[in-house]
Number of protein chains: 2
Amino acid sequence: MITCANGAMTLRDAPSNTRTQLIESACRLFAAHGYAGASISSIAKELGLSKQALLHHFGSKNALYSLAVEQAAAAVLQLLFDAMEDDHPPEDQLAAFFASYQRLLSVKPAAGQLVLRELLDNALTTQEGGAFATLLESLVATVQATERWQGAGAAGALAVVTQLLGAASLMSSAESSLSAKFGSATVTKAQSHTAEISAELVSGILRG
Amino acid sequence: MITCANGAMTLRDAPSNTRTQLIESACRLFAAHGYAGASISSIAKELGLSKQALLHHFGSKNALYSLAVEQAAAAVLQLLFDAMEDDHPPEDQLAAFFASYQRLLSVKPAAGQLVLRELLDNALTTQEGGAFATLLESLVATVQATERWQGAGAAGALAVVTQLLGAASLMSSAESSLSAKFGSATVTKAQSHTAEISAELVSGILRG
DNA sequence: GCGCATCCCTACCAATCGGTAGGTTGCCGG
DNA sequence: CCGGCAACCTACCGATTGGTAGGGATGCGC
């Protein structure tokens, strides 16, 4: 194993690059194996560091996890905000959001996967104004702003958001499992269909 | 802690009841915390047993996990087979399946949650003819039998199945996380909306 | 040159992980 | 009455978990 020689590595190459890289590794590994399934030493080892270096930067596993989830959620939230800038009707805003969400997933599956994981695991030490919470709330609010769902209350909108998010996220998150059963060629082809099917689901459910 | 007194418990109450109960506990805990997040001792402890009693019955953690997933998948698969008994068009069969799947989730959320988890974790020692694999294959085949998707190939059908499954499963699986952010009252109300929204998604996507 | 903070290391800790070994209890067929 | 078996136990194993303590190298401001 090439662990970058003890003292010789200490000339750091950027203003705290390793921190960023650690969060990125954490994002990927937490997304792939879940909170309990990814150990901090395995995350640190991806960069040739010891787990103590990781703890030095983040203090605890949960703190790192929170950062990773928040960063992933922030990336998704940004897509939503971008889609909401133009003052189109909320139906179009959501359609635009889910379209760019699909684009994000094809480039960086870990983001959506981590959000999905967090919805299942609920391991995040919930921050009131965090990106994850804001993402969910904004989605619900936007659905509630649509003509069809504005009378349905938060619960109805939450149900819509949950189903659309589940539909949009599962394919890229389940890639490894599906590849083992249907072959990676089939799965890759299926992923290319996902965007337009998702678009159809979104517009279908928002307009009735 | 009341661990049922050492020898006095040895009169077992049924032909091998504890085995069944252990699988049930495993199903719940694996569903709630994932494969890595649920330890065999925590599963055994739910029934006041030691982890060695569990290992005595199943041999290894993975064997127990496989049984739990297979049993959950078999329960879902049974719903699909039931829905396919009448020779209605495949669109109606799938609609009936997803309707009863929603009913199952409201009674036993762990079943769907475990299937969803397995799609993410891919921890199952894949059995070729297992219920989990059969479930996915049967769903894909049925979607492929619909008028709209019969020309789209397995990949297109797989994309449809994945999205519908994700939409149908996420709400009940994310209950704890959503309750923490929106309140359990709102989530409970949202769950009651899930069935009809899901039905709309299914018929919408299958018929175009 | 000196103090100090940043970064990363080795060494160590208690707790828990999945799993093995071996013993004890109670039922059941001979 | 007795041997075998299923069920469950305590005790233990090595490995790994998240986390602490403390030290060494580097670079920056003074």
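The analysis underlying the following values was restricted to heavy atoms, covering all of them including side chains, and did not include hydrogens, waters or symmetry mates. Naming convention: chains lettered A, B, ... in sequence-line order (proteins, then strands); numbering from 1 in each chain.
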J.: With the side chain of B:Ser50 defined as its heavy atoms from C-beta on, choose the nearest nucleotide among D:dT10, D:dA7, C:dC9.
T.: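 Out of D:dT10, D:dA7, C:dC9, the nucleotide with an atom closest to B:Ser50's side chain is D:dT10.
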J.: Does D:dA6 have OP1 or OP2 under 4.0 Å away from a side-chain N or O of B:His57?
T.: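 No.
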J.: Does B:Phe30 have B:Lys61 sitting over its ring (NZ/CZ under 6.0 Å from centre, angle to axis within 45°)?
T.: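 No, B:Lys61 and B:Phe30 do not form such a contact.
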J.: Just the rounded figure in Å: distance from P of D:dT10 to CG of B:Leu54.
T.: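 To the nearest whole Å, that distance equals 15 Å.
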J.: Rounded to the nearest angstrom, tell me the gap between atom CD in A:Gln21 and atom P in C:dC7.
T.: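 Going from A:Gln21 (CD) to C:dC7 (P), I get 13 Å.
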J.: Without decimals, in angstroms, what is the distance between B:Phe30 CZ and C:dG18 C1'?
T.: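 Roughly 11 Å, once rounded to whole Å.
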J.: Let me know the distance between CG of B:Leu64 and C1' of C:dG19, rounded to the nearest Å.
T.: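 My rounded result for the distance is 14 Å.
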J.: For B:Glu200, give me all partners under side chain to side chain contact (heavy atoms under 4.5 Å, CB included), at least two apart in sequence or on another chain.
T.: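 Counting only residues at least two positions away or on another chain, B:Glu200 forms a side chain to side chain contact (heavy atoms under 4.5 Å, CB included) with A:Arg148, A:Ile205.
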J.: Across nucleotides 12-19 of chain D, 5' to 3', mark each nucleotide with B, S or - according to how protein heavy atoms within less than 4.0 Å reach it.
T.: -----SBB
J.: Looking at B:Arg28 and B:Glu46, is there a salt bridge between them, counting it only when a charged N and a carboxylate O are closer than 4.0 Å?
T.: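 Here B:Glu46 pairs with B:Arg28 in a salt bridge, since their nearest N and O are under 4.0 Å apart.
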J.: Suppose we screen for ring-ring contact (aromatic ring centres under 6.0 Å, His included). Which residues come up paired with A:Phe132, at least two apart in sequence or across chains?
T.: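 If we apply the ring-ring contact (aromatic ring centres under 6.0 Å, His included) test to A:Phe132, skipping adjacent residues, there are no hits.
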J.: I need the CG-C1' distance between B:Leu47 and D:dA7, as an integer number of Å.
T.: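 Computing the B:Leu47:CG to D:dA7:C1' distance gives 14 Å.
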J.: Calculate the interatomic distance between A:Lys45 atom NZ and C:dC9 atom P; express it in whole Å.
T.: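 To the nearest whole Å, that distance equals 12 Å.
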J.: Are B:Ser169 and B:Tyr101 linked by a side-chain donor-acceptor pair shorter than 3.5 Å?
T.: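 Note: B:Ser169 and B:Tyr101 side chains meet the donor-acceptor criterion.
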J.: Could you tell me which non-hydrogen atom of A:Trp149 sits nearest to which non-hydrogen atom of A:Leu206, and how far apart they are?
T.: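 Where A:Trp149 meets A:Leu206 most closely, the heavy atoms are NE1-CA, 3.9 Å.
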J.: Between A:His56 (NE2) and C:dA5 (C1'), how many Å, whole number?
T.: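 My rounded result for the distance is 9 Å.
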J.: B:Asn17 CG to D:dC8 P: how many Å, rounded?
T.: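 The answer, rounded to whole Å, is 10 Å.
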